[in-house]
Amino acid sequence: MVISLENPVTASPKIEQYFTLRGLQWHQFKAIQASFDGVPGVRLFYCEGVLEIVTISKLHDAMRCLMGLLLGAYFVEKSIEFFPSGSYSQIVEGVVEYQSDLSYCFGTDKDIPDLCIEIVITSGSPIKLQKYRLMGVPEVWFWEDGTLELYQLGENGYERINSSQFLPELDLSLLMRCILISSPLEAIKEFRRGINNND
């Protein structure tokens with residue numbers, strides 16, 4: 001079976017492109033994935049027959065790096081034992097494979113992260129939370145359009161929450177404000193001042 005996309009997938013430093021293919025079997029996904037080996041700035045996500053292909057922009061990576069720096073500063077200031085696992089591939093063979101932008105375990109290192117974070121530049125994903133549910137990730141954050149959405153896994157799937165179960169004292173409004181500061185250095189300084197003022 002030959003599968004083709006109407007539009008070529010090319011990475012752009014400024015914008016992200018987003019493509020979805022449905023009805024794919026695992027072996028078809030792996031074949032497509034192999035064809036993207038060595039192509040920089042492109043990520044493939046698979047979840048129960050749905051393939052997403054996303055090009056990663058410079059803005060996406062800048063936001064991801066800044067979010068990681070700010071959270072790292074918070075963990076150090078609050079002496080929170082954390083284990084970052086970044087964007088490594090999380091896989092349930094034959095069912096799901098994806099990479100979150102940031103992921104962390106707290107207290108002890110675990111096979112499944114306690115928290116996964118996605119920086120969403122191109123919205124509209126049909127597998128937004130499903131891929132995390134299949135892995136059993138307890139908490140997921142989405143940064144999109146200058147705001148954070150937090151979800152906690154419960155018996156009936158994910159539910160929106162107003163504060164993190166793992167970081168209940170984290171001032172989310174401070175975090176969101178600092179992510180939007182144009183200077184990363186000033187963002188980190190402001191964030192650390194805010195953390196210390198809240199003590």
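Here the structure is a predicted model, which is why all the values come from computation and not from measurement.
Q90 places a side-chain heavy atom less than 4.5 Å from the side chain of P113. At least one side-chain heavy atom of L71 sits under 4.5 Å from a side-chain heavy atom of I117. Looking at heavy atoms from C-beta onward, M63 lies out of side-chain contact with K58 at the 4.5 angstrom threshold. Considering only heavy atoms from C-beta on, C116 stays 4.5 Å or farther from Y104 through its side chain. For the pair I32/L51, a side-chain contact is recorded, criterion being any heavy-atom separation below 4.5 Å from C-beta on. Contact annotation: the side chain of R160 never approaches that of L150 to less than 4.5 Å [non-hydrogen atoms, C-beta and beyond]. Between L175 and L170, some side-chain heavy-atom pair lies under the 4.5 Å cut-off. Contact check for P138 versus Q152: no side-chain heavy atoms found under the 4.5 Å cut-off.
Remark: the backbone N or O of E144 is paired with a side-chain donor or acceptor of T147 at under 3.5 angstrom. Distance alone, capped at 3.5 Å, is enough to place a donor-acceptor pair between the K110 side chain and the T108 backbone. Looking only at distances, no side-chain donor or acceptor of Y74 sits under 3.5 Å from a matching main-chain atom of L167. Side chain of H60 to backbone of V120: no donor-acceptor contact under 3.5 angstrom is found. Put simply, the side chain of D109 never gets that close to the backbone of F83: no donor and acceptor are under 3.5 Å apart. The main-chain N or O of S183 is never found under 3.5 Å from a side-chain atom of E186 such that the two would form a donor-acceptor pair. Using modelled atom types, one side-chain atom of D114 and one backbone atom of F106 make a donor-acceptor pair closer than 3.5 Å.
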**Message:** Applying side-chain contact (heavy atoms from CB on, under 4.5 Å) to K78 and I195, what does each step give before you reach the verdict?
**Reply:** CA-CA 9 Å; K78 298 296 184 179; I195 294 171; 3.7 Å; yes
**Request:** Go through the steps for V39 and D37 under the test side-chain contact (heavy atoms from CB on, under 4.5 Å), then give the verdict.
**Result:** CA-CA 6 Å; V39 179; D37 278 353; over 6 Å; no
**Request:** Decide yes or no on side-chain contact (heavy atoms from CB on, under 4.5 Å) for Q33 and Y46, but give the supporting numbers first.
**Result:** CA-CA 10 Å; Q33 184 183 54; Y46 179 87; over 6 Å; no
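When all heavy atoms of S163 and P168 are compared, the closest pair comes out as CB-O, 4.5 Å.
In this structure, a donor-acceptor pair under 3.5 Å is present between the side chains of Y132 and E118. A donor-acceptor contact closer than 3.5 angstrom is absent between the side chains of Y98 and S100. Side chain to side chain, W26 and Q28 fail the donor-acceptor criterion of an N or O pair below 3.5 Å. Inspection of the T20 and E52 side chains reveals no N or O donor paired with an N or O acceptor under 3.5 Å.
From C178, atom SG reaches atom CZ of R193 across 8.5 Å, with rounding to the nearest 0.5 Å. Between the SG atom in C47 and the NZ atom in K128 there is a gap of 14.5 Å [rounded to 0.5 Å]. Annotation: the span from N156 atom CG to R133 atom CZ amounts to 10.5 Å, rounded to 0.5 Å. Once rounded to the nearest 0.5 Å, the distance linking CG of L153 with OH of Y158 reads 4.5 Å.
Both L59 and I179 belong to a common hydrophobic cluster when Ile, Leu, Val, Met, Phe, Trp and Tyr are linked at side-chain heavy-atom distances under 4.5 angstrom. A single hydrophobic cluster is seen to contain both F75 and M176, as judged by linkage of ILVMFWY side chains at heavy-atom distances under 4.5 Å, directly or through other members. One hydrophobic cluster, built from ILVMFWY side chains closer than 4.5 Å, holds both L102 and L174. Cluster membership check: V76 does not share its hydrophobic cluster with L70, using side-chain heavy-atom separations under 4.5 Å among Ile, Leu, Val, Met, Phe, Trp and Tyr. One hydrophobic cluster, built from ILVMFWY side chains closer than 4.5 Å, holds both F191 and L180.
For the salt bridge (Lys or Arg N to Asp or Glu O under 4.0 Å) test with E97, the passing option among K30, R43, K131 is K30; the others fail. Screening V96, V92, I127, L134 for a side-chain contact (heavy atoms from CB on, under 4.5 Å) with E48, the sole residue that qualifies is L134.
We find that D61 and R64 are joined by a salt bridge, their nearest charged nitrogen and carboxylate oxygen being less than 4.0 Å apart.
Applying the ring-ring contact (aromatic ring centres under 6.0 Å, His included) criterion to F142, with sequence neighbours excluded, gives Y151.
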